[in-house]
Each structure stands twice: as C-alpha cells, then as structure tokens.
Amino acid sequence: MNIDKVQIFRAEILHFLADPAEVGDDISYEYFSDGLMIVKSGLVEAVGHAQDLLARLPADASVTHYPNSLIVPGFIDCHLHYPQTEIIASYGEQLLEWLETYVFPTEREFGDPDKASDVAEFFFDELMRNGTTSALVFGTVHKQSVDAFFSAAQTRRLRMICGKVLMDRNAPDYLTDTPESGYRESKELAERWHGVDRLRYAVTPRFAPTCSDAQLAMAGKLLTEYPDLYLHTHLAENSSEVEWVKELFPDRSGYLDVYAHHGLLTKRSIFAHCLHLNDDDFQLLHKSGAGIAFCPTSNLFLGSGLFNLARAEEQKVKVGLATDIGAGTSFSLLQTISDLYKTQQLRNHRLTPFKSLYLATMGGALTLDLDDLIGNFEPGKEADFIVLDYHATPLLARRLKRCKNLTEKLFALQMLGDDRVVKSVHILGEEAYKR
Ligand code: GUN
Ligand code: ZN
C-alpha cells in the first residue's frame with residue numbers, strides 16, 4: 001500500500017466510545033447522519049460530520065459515497081471453530097454427543113494441509129460476506145490446521161487470533177496429543193505467528209474434560225513463559241459437562257477453579273459460554289480481567305442454556321459476542337444479535353440495539369484486549385469497517401420507512417439483517433469484499 005494513501009468515505013457513520021449499559025445509550029456512541037471518514041495509510045485519520053470535514057479537504061478530493069448506508073466498525077467474533085464450518089446445522093444432539101457424532105470425525109480431516117487450506121479460504125470468504133473482520137478462532141489438534149489458517153489470514157491482511165487445540169484424553173486416539181507434543185507444537189506455532197503482521201496466538205486447551213492436569217499445567221507454563229499469548233477455551237456450557245468436570249477434578253471447588261488452579265486466568269483469557277457459573281466465579285473473572293464469549297445461537301441450538309448478561313454487567317466482567325460456528329447457526333453477527341436479544345428477553349433483560357451493536361464491535365475489541373487497535377473509529381485505529389445497506393431487502397426497506405429514529409432503525413437492521421445487508425467490507429481502508 002502507498003504509505004501516504006488517503007481514502008475518504010461518506011455515509012451515515014456510527015461507532016461506540018463506551019459501554020451503553022455503563023454510561024447510558026445517549027453518550028455511549030458517536031453518530032453522524034451525514035458522516036465522513038478519512039483514512040490515511042490504513043488507519044483512521046478522522047471521523048465526523050461531512051460538512052465540517054469536507055471544508056478541510058481539497059475541493060477535488062475523491063470521496064467514495066454510500067447513500068442509504070450505515071458505516072460501522074467491522075464485526076468481531078470472539079469465539080468460533082473454523083474446522084467446523086462444514087458441519088454447521090448438524091441435527092439432534094446436545095454438546096457431548098454432538099462432539100462425538102459430528103465434530104471429532106470432521107476435525108480428523110484437518111491433518112491434511114490441503115483440506116485445512118481449502119476450508120480456511122472458504123471460512124474467510126464467509127467472514128467477509130458477513131462483515132466479520134476480526135475473530136478468535138479454534139484450529140484442530142493438528143499444527144498444520146493453524147499454519148493454514150494464519151497463512152490465509154496473513155494474505156488477506158486480517159487481524160486474527162488462533163491456536164492449536166490441546167487435548168490428551170476423553171477423545172478419539174486420532175485426535176489427541178500429549179502434554180509434551182502440545183507444548184512443543186504450541187511453542188513452535190506461537191514463535192512462528194504471534195505478533196507477525198496482524199496475527200496473534202492463543203494457547204487453546206479444548207475444555208477441562210479433554211485435558212489432564214498435566215496438560216493444563218503445561219498450558220499454564222506456556223502462559224508464564226510467553227505472558228502476552230492468549231488463553232482460549234470453553235467453560236460451563238452444558239449441565240452434563242459441568243457434572244463430568246466435578247467427577248474428573250474432585251479436588252477443585254468448581255469448573256472455573258480447574259483453570260484458575262493451573263494459572264489460566266489472565267486479561268488475555270477468553271472463556272466461551274459461561275452459562276453455569278456462580279457469583280464467586282464472576283468475581284474471579286472480573287478480578288483476573290478475563291473475558292467471556294457469549295454465543296447465543298449456539299446456546300439455543302445445543303439447548304445449553306441462557307447466558308446471564310445482566311449478572312456479567314453487574315459484576316463488570318468483559319463480554320464479547322460470538323457465533324461459535326459450527327454449534328452456532330449463522331456466521332452473521334446480525335443474526336447472532338437477533339438471538340442475543342431473544343435470549344435476554346427470556347430473562348427479562350431488555351437489551352437496547354446500542355448495547356447489542358457495542359457487543360459486536362467495541363465490546364469484542366475489549367474482550368480480546370485489542371481495543372487499542374480496533375473496535376471503533378478513534379483516530380489512529382486500524383480502518384476495518386463495513387458498509388450496511390438499509391435497502392438490502394424489500395422487507396427491511398419497507399420496515400425502515402416506519403422507523404422514527406436511530407434506535408428503531410438499528411433494531412430493525414438487527415432483527416431482519418444478515419449477510420444480505422453487508423454491502424462492502426474494508427480492511428485497513430481497502431475494499432476486501434463487495435456484495
Ligand atoms: N466444548 C468443547 N469443545 C467444543 C466445541 O467444539 N464446541 C462447543 N460448542 N463446545 C465445546
Ligand atoms: Zn466453541
């Protein structure tokens with residue numbers, strides 16, 4: 001890229017400066033009904049009212065204009081499994097049987113680097129179609145699955161976090177490693193990829209039931225030796241899983257304590273699900289700065305439960321939104337928001353469309369400890385943004401005609417929107433996808 005390249009975009013623009021649940025909707029965001037964003041060398045230079053900013057620019061400056069469209073930061077998906085792309089929508093089971101029936105046989109295929117590359121490319125195409133520009137992603141136990149993922153992400157200049165799965169028990173032989181090989185391969189991958197371009201590495205024990213104490217201790221050792229790596233795992237998703245963890249780790253006071261005992265709680269630790277936790281657990285997550293990936297479509301699909309977002313808010317635990325593909329039923333974070341809203345309705349917790357969009361953007365950036373780089377349009381941030389089309393479908397266009405304000409428009413976009421709404425995706429300012 002030309003180092004001083006300047007790009008200018010004009011549309012409605014919305015982004016978040018704070019958590020709407022903390023400061024109130026009205027002061028959580030900046031909104032420009034006729035907005036302008038200036039991008040220089042891939043970074044946000046300025047965002048504001050078109051009238052104000054245009055006055056500062058040469059009269060002949062070239063402006064890309066998107067009428068009837070809303071520019072927001074690229075969506076951030078805080079937890080999903082790229083190797084499960086092809087088993088989305090697999091019928092009938094809850095977590096533990098679903099893993100055995102569908103997931104493990106499919107993940108076996110990722111020992112083949114060609115298979116891994118093929119699925120990784122399709123996966124990134126799908127992320128782009130849906131406006132997801134950053135994600136925290138599971139590979140498989142095979143190190144080549146992670147190489148394939150990072151190579152594809154690097155070519156596309158995406159900000160991505162991934163890791164090789166660690167699992168040394170309670171899984172088929174063809175899919176297990178050992179604490180020693182897990183250590184060696186994780187270290188090798190982290191040294192190859194962590195901090196290269198926009199890529200980062202996550203130490204990735206699958207979940208407590210498939211990891212021995214020796215393997216969890218090894219994961220803790222990696223975090224001590226490389227303190228800026230991430231830790232990415234599952235926690236308290238399903239009641240049978242929670243009972244199983246009690247049997248497997250009788251000396252621990254609960255599921256979270258299994259991870260805490262091995263030093264796996266840091267400000268770069270992300271725990272997917274967290275449906276069956278108590279107040280002490282939430283306090284411990286808060287104190288350690290760890291975050292939760294909330295996966296509404298997955299939680300409904302596998303019948304796992306309803307996340308208590310209000311409690312996470314009260315106890316000030318970081319929360320990001322996630323699809324959890326392939327247990328999640330859509331790559332779209334708009335569809336995920338639609339189910340997010342419904343899960344919270346069932347708990348009598350009324351989510352505003354501002355809070356929902358915050359969770360899919362700035363909330364995700366904070367959860368992934370990437371808020372200094374992405375998540376909103378503060379000057380200097382990386383210009384990953386998406387253009388949403390208010391006229392994407394006849395129904396959406398018709399519904400929006402009756403909307404009286406931004407709140408109503410955003411809500412309709414979230415309930416009715418999916419990949420059809422994403423008109424274009426920009427990575428570091430450059431158009432990476434066009435519908
Ligand atoms: N728990 C352990 N592995 C998995 C997985 O692949 N998906 C989900 N949803 N939960 C898990
Ligand atoms: Zn998962």
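Order of appearance sets the numbers: ligands from 1, and atoms from 1 within every ligand.
Backbone and side-chain nitrogen or oxygen atoms of Asp324 are examined, and one is located within less than 3.5 angstrom of a nitrogen or oxygen of ligand 1.
The shortest distance between side-chain heavy atoms of Phe150 and Val196 does not fall below 4.5 Å. Counting heavy atoms from C-beta outward, Phe9 and Val39 have side chains that approach closer than 4.5 Å. Residues Lys355 and Asp19 form a side-chain contact, since some pair of their non-hydrogen atoms from C-beta on lies under 4.5 Å apart. At a threshold of 4.5 Å between non-hydrogen side-chain atoms, the residues Arg198 and Glu382 count as touching.
Given atom 7 (N) of ligand 1, the protein heavy atom at minimum distance is Trp98 CZ3, 3.4 Å. Protein heavy atom in closest approach to atom 3 (N) of ligand 1: Arg206 NE, 2.8 Å.
Rounding to 10 degrees gives 170° for the angle at the Zn ion (ligand 2) between OD1 of Asp324 and NE2 of His234.
Contact analysis leaves Phe138 out of contact with ligand 1, as no non-hydrogen atom separation drops below 4.0 angstrom.
The nearest pair of heavy atoms linking Ile270 to Cys78 is CG2-O, 4.0 Å.
Close contacts of ligand 1 with Glu237, meaning ligand atoms under 4.0 Å from a residue heavy atom, involve 1 (N), 8 (C), 9 (N), 10 (N), 11 (C). Every atom of ligand 1 is numbered from 1 in the order shown, and the set under 4.0 Å from a heavy atom of His81 is 5 (C), 6 (O), 7 (N). Near His273, the atoms of ligand 1 lying under 4.0 angstrom from a non-hydrogen atom of the residue are 9 (N). The contact set between ligand 1 and Leu99, taken as ligand atoms under 4.0 Å from a residue heavy atom, comprises 2 (C), 3 (N), 4 (C), 5 (C), 6 (O).
Closest heavy-atom approach to atom 4 (C) of ligand 1 among the candidates Gln84, His79, Glu241, His234: His234.
The six-membered or imidazole ring of His79 lies away from that of Phe294, with a centre-to-centre distance of 6.0 Å or more.
None of the N, O or S atoms belonging to Cys295 lies under 2.8 Å away from the Zn ion (ligand 2).
At a threshold of 4.0 Å, the pair Lys164-Glu188 does not count as salt-bridged, since none of the basic side-chain nitrogens sits closer than that to a carboxylate oxygen.
For Arg156 and Phe124, the positive end is not near the middle of the six-membered ring at less than 6.0 Å and at most 45° from its axis.
Here Thr210 has no heavy atoms under 4.0 Å from ligand 1, in either its backbone or its side chain.
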